[in-house]
Amino acid sequence: MKPKAGDKVKITTSDGEFEGIILPRPELLSQDITVLKLKTGYNIGIENKKIKKMIVLEEYKTPVLKAKKLKPKADLPTVAILSTGGTISSRIDYRTGGVYADYSAEDFVAMCPELEEIANIKAAKVMSVMSEDAMASDWVKMAEEVLKVINEVDGVVITHGTDTMHFTSAALSFLLKDLNKPVVITGAQRSIDRGSSDAFMNLICAVTAAAKWDGAGVVVCMHGTMSDEFCNLTRGTKVRKMHTSRRDAFRAINDEPFAKVFTDGKIEVIKEDYAKRNSGKTSLRELEPRVAMVYIYPDMDPGIIDYHLKEKVHGLVIVATALGHVPTNNPKSLIPALQKAAKKIPVMICSQTLYGRVHPYVYANLRKLSMEVGATYLSDMLPEAAYSKLMVALKQKDAKEFMLTNIAGEISSREVDDCFLI
Amino acid sequence: MAKVKCGLEIHQQVDTKKLFCECDSIIHENTPHYTITRKLRAVVGETGEVDIAAAQEALKGKKYEYEAYDDNCCLIELDEEPPRSLRQEALLAGVQVAKLFKAKFVDEVQVMRKTVVDGSNTSGFQRTALVAYDGRIDSSLGKISIPTIIIEEDAARLIKDEPDKTTFRLDRLGIPLLEISTGPDIVSPDHCAEVAEKLGLFLRSTGKVKRGLGTIRQDVNVSIEGGERVEIKGAQDLKLLPKLVELEAVRQQSLIDIKKELEKRNVREVFAQIVDASRLLVNSKSKVIASALSKGGAVLGIKLPCFKGLIGKEVQPGRRLGTEFSDRAKVASGVGGIFHSDELPNYGILPDEVEQIAKHLDCGNHDGFVLVADAKNRAERALQAVLVRANDAIRGVPKEVRRANEDGTTTFMRLMPGAARMYPETDVLPIKITKQMIDSVEIPELIEHKIGRYEKLGLGHDLAELVAKSDRALLFDQFAKSFKALKPAYIAELLMTAERTVKRQFNIEINPADEDFCALLTALEHEEISKESVLEILKEKKSVKEVLNKYRMLSEGELLRELTRIIEESKGMPINALIGKAMGELRGKASGQKIVELLKKLTKSS
């Protein structure tokens, strides 16, 4: 019998005898090593060629997780937790390398017992994708799942990978029309198998917001600082992951967070310009996924625009420099290619500075792009928001008009001093 | 005394940058630049079979404050960035030590996360890796096995521990540590000290380890026959080790005696109901009780059947079984302490109150009881912990991790953790230990060998040991080889005592560089200066090269001229006075012998 990951074995090598549990070897590492967990808890690597004998002492049996049954409490609000994957919902069985726990409501409560005191939890696993793998069709699926439960609960929490959380939060903001309750997206920057994970506080705050916040709309709820003090509740179209690894990576851009949420249930409002919970009917918008986003850089090949046209994209988001420039007066000018594109499909301009607003008329080169080419300048809209909004816009009667209309707070009419680098 | 078995765990800081980041391994005492606050969760792993909810309850409300500096803490210490690769230089120090101990290497080093929820690691775990196994050293009482050689990161420094908040400083977090564990081969308190010292010497022989207070820490595992392995942490001073071992043996023997007595009394298991005794004590004179009740708390109690007289039994000087109950209660719920029946009436609790409580708890003549006054849920948790400890007493010695007190006694820290609290550090790639890597590291000369070698060079034993253990051992080796005309013992004496002697004689603090010693010895070797000038030169507190000229010895011609002048200036002076004057004036510029010789010649001829 060939020993498999999880089995307790005795290995005899030229160096001696080792007893322990066989662990899985990650695929990308060289396969000439057997990893053994010793009785002390330490793992060691043993060269396969040194192994003379290996006998299985005890075969691995999958553990049975016991979760206690939840009893609904009459006086508590109800919150649905939809899990979609990512760090916050991956728990690895280190004996086999497999992912276990499918995140039922019981699993969430077992992981974070405080939730039971905040709300009656309903939970569903919607999908299991790392967010870098998320596709536009996944956004649609999430929106559909929200719509399914929205009328039976007081709020929805979506647990999500953090890489593209801000793409999803924007997409859902446009896909869910007339959202009448909060949809709170949260995740984790540190894995949940460690005592220091940010997942627990993020989840507690997200459930609190879904249960109690008086706003309606899609928001992101993640750590406000490096400390475990509070989470920021930030508009889904004005939030962006601004750090690869810090807990407080999600920042409001050209905006302030709506509120700070604390683990003791307190919600401290910072900026009250949000739609309130209401009894209106929420519905779905559709999207057209064939949209491309092009990042502008010096000396770039204008052929990239032609490529996208050839691939039949239905809309282009140009992430331009500063106020909205592309190379204009040099041998590699993008103007001819964009002119060709704009005749066929909508061409949208936003800025790679992220902060501030694009402007179609300040410089001659800008006028060329706006007036000659006919590109649409998207004010202070974030590129990621513009990307999913254009997908939704393409299913509207007038895509350009839709793009220039403020749908979910993605366009702000005036900028004040306290929104920069906060 | 009962037969002791003990093993050591030495934690030695390695002198490199931090193990998983680019921060310098420096400890600070100045005001930290900023502070962050965190909470920790109970997670699967460290708790093993323990109910997570219960474990979480213990952590609830506890805050950890971390103080940080910009120059030696980065996002990695803050647990805000994944670790970099394990520092090669530190690993090589581990390889070197493993070679010294004749250990076998693992083929591939796997970095592990060891769950730690006392807050001393921002991540909630300590990164640790087994490098080598099955080593050994010799001792006066036989071979000591070294089952594991581990490289790991040091924890944050505890600054302040309050009931709801613990403050740590992050400067120490991440400094590479070598952990050397011995098998249970140590057989007495003195043997323990001997082995600890020897391990320390071995580690220092590598020249790659940090030195000074706090850079080496010894944990000791002690058990006696019929007892259990108890790990004692935090002995900063080697001298404390024998006492720790001795007092732990005493403790285990006392606990075994208590167990036997409980057996005699036929106690198999303690079941106890927590009873509220608050109403009996509403007018209590006890400050602790009055304060708890005034804050809306309660006085809760449990009966311990047939424990009378045993709770007050001393297990270590000044510490009773009741103290062990109290330690558990404090750790479990943060209460200030407990009252137990063997110490009452006392602390403001009156005899008739004791009687009433005993009656209320349904205690018979042989029963004892424990009381806790605090917020109700805290008091409950405290008593549950006491109950667990009381049941342990029936079985004898519990497996525990204990903290060393300054007087050699110990205090409960936590239960002995199992292997379940280790899981892989998936952010760091495993490292193969190749033959090339092992061969690239030389086995350093052991300090013991060095002492022997220096004695052969003519150094006395004490001086030889002093040099061998010092930072200047390498310098001494170079100098002893280069300066053939000088006695090695003289060189050693100079290197070891120069600073101290100048301080004592002239009250001047000096800090000579290696080049200064080199310049001095070169000049001595070529007889350009006299030995008498050496301290004079050093006390100038300047670069030796700069001041050397002033102290250069006179040539024979120059000396003759000087002496002639002195004779002429002091006509009629008796010869002995003349010698005194000349010696005074020409001190350091010529040898005394030469001055006398020439003066005699000159005065005779005139």
Side-chain angles (χ1 to χ4, degrees), chain A residues 13 15-16 18 20-21 23-26 28-30 32-50 68 91-92 94-95 97 109-114 189-201 225-229 243-249 263, chain B residues 35-46 52-53 56-57 59-60 63-66 75 78-82 104-117 119 121-125 128-130 133-134 147-148 150 417-424 426 429-433:
Chain A
T13 75
D15 291 328
F18 301 87
I21 293 162
L23 292 185
R25 178 80 172 164
L28 291 173
L29 298 180
S30 67
D32 55 344
I33 294 276
T34 294
V35 182
L36 198 68
K37 187 181 193 65
L38 304 176
K39 208 171 75 186
T40 54
Y42 279 96
N43 294 1
I44 59 167
I46 299 173
E47 272 190 85
N48 288 341
K49 63 174 187 230
K50 280 193 189 164
K68 84 174 183 194
R91 174 161 277 174
I92 291 174
Y94 290 104
R95 279 177 68 136
V109 170
M111 162 179 142
C112 196
E114 292 95 324
Q189 289 279 73
R190 297 282 96 75
S191 59
I192 56 172
D193 49 25
R194 54 169 94 191
S196 62
S197 174
D198 53 333
F200 306 101
M201 185 175 113
T225 66
M226 288 202 288
S227 291
D228 291 333
E229 290 176 289
H243 197 277
T244 55
S245 58
R246 279 171 63 145
R247 284 164 171 72
D248 55 352
T263 48
Chain B
T35 302
I36 62 160
T37 315
R38 292 273 170 76
K39 294 195 166 178
L40 280 179
R41 306 285 304 197
V43 284
V44 181
E46 106 279 4
I52 292 250
Q56 183 51 39
E57 189 64 23
L59 288 172
K60 201 171 169 181
K63 267 197 222 163
Y64 300 98
E65 204 165 275
Y66 297 103
L75 287 187
L78 295 171
D79 189 41
E80 288 285 26
E81 186 183 325
K104 294 176 185 165
F105 289 95
V106 303
D107 297 329
E108 193 180 71
V109 175
Q110 308 260 337
V111 180
M112 306 298 292
R113 295 171 174 175
K114 187 197 267 183
T115 307
V116 177
V117 283
N121 292 68
T122 44
S123 54
F125 54 73
T128 175
L130 180 62
Y133 58 95
D134 213 1
T148 56
I150 283 161
R421 68 180 189 137
M422 293 259 235
Y423 62 107
T426 39
L429 288 181
I431 306 156
K432 279 194 181 153
I433 296 201

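Note: hydrogens, waters and symmetry copies are ignored here, and every other heavy atom, side chains too, is used. This structure is a prediction, so every number in the text was calculated from the model and none was measured. Within every chain, numbering begins at 1; the chains are lettered A, B, ... in the order of the sequence lines, protein sequences first and strands thereafter.
In this structure, R41(B) pairs ionically with E114(A), as a charged nitrogen and a carboxylate oxygen lie closer than 4.0 Å. Taking 4.0 Å as the cut-off between side-chain N and carboxylate O, R247(A) and D79(B) count as a salt-bridged pair. Salt bridge annotation for K50(A)-E108(B): absent, with no cationic side-chain nitrogen under 4.0 angstrom from a carboxylate oxygen.
With a 4.5 Å cut-off on non-hydrogen atoms, E47(A) touches chain B through its backbone and its side chain both. When heavy atoms are compared at a cutoff of 4.5 Å, I433(B) does not approach chain A at all. At a 4.5 Å heavy-atom cutoff, the contact between S123(B) and chain A is made by backbone and side-chain atoms alike. Neither the backbone nor the side chain of T148(B) has a heavy atom closer than 4.5 Å to any heavy atom of chain A. For L75(B), the part lying under 4.5 angstrom from a heavy atom of chain A is the side chain only. When heavy atoms are compared at a cutoff of 4.5 Å, T13(A) does not approach chain B at all. Only the side chain of D32(A) comes within contact range of chain B, with heavy atoms under 4.5 Å apart. Neither the backbone nor the side chain of Y66(B) has a heavy atom closer than 4.5 Å to any heavy atom of chain A. Contact of R190(A) with chain B is made through the side chain alone, with heavy-atom distances under 4.5 Å. In this structure, the portion of I33(A) lying under 4.5 Å from any heavy atom of chain B is its side chain and not its backbone.
In terms of heavy atoms, S196(A) sits closest to T122(B) at CB-O, 3.0 Å.
In this structure, the side chain of Q189(A) engages the main chain of R246(A) through a donor-acceptor pair within 3.5 Å. With hydrogens and angles ignored, the 3.5 Å screen pairs no side-chain donor or acceptor of T34(A) with any backbone N or O of N48(A).
Of the listed residues (T128(B), D134(B), L78(B)), the one with the most heavy-atom contacts under 4.5 Å to chain A is T128(B). Listed options L429(B), N121(B), I150(B), T35(B) were ranked by heavy-atom pairs under 4.5 angstrom with chain A; first place goes to I150(B).
Here K37(A) contributes atom NZ and Y423(B) contributes atom OH; the two are 10.5 Å apart, rounded to the nearest 0.5 Å.
In this structure, Y133(B) has its ring center under 6.0 Å from that of F18(A).
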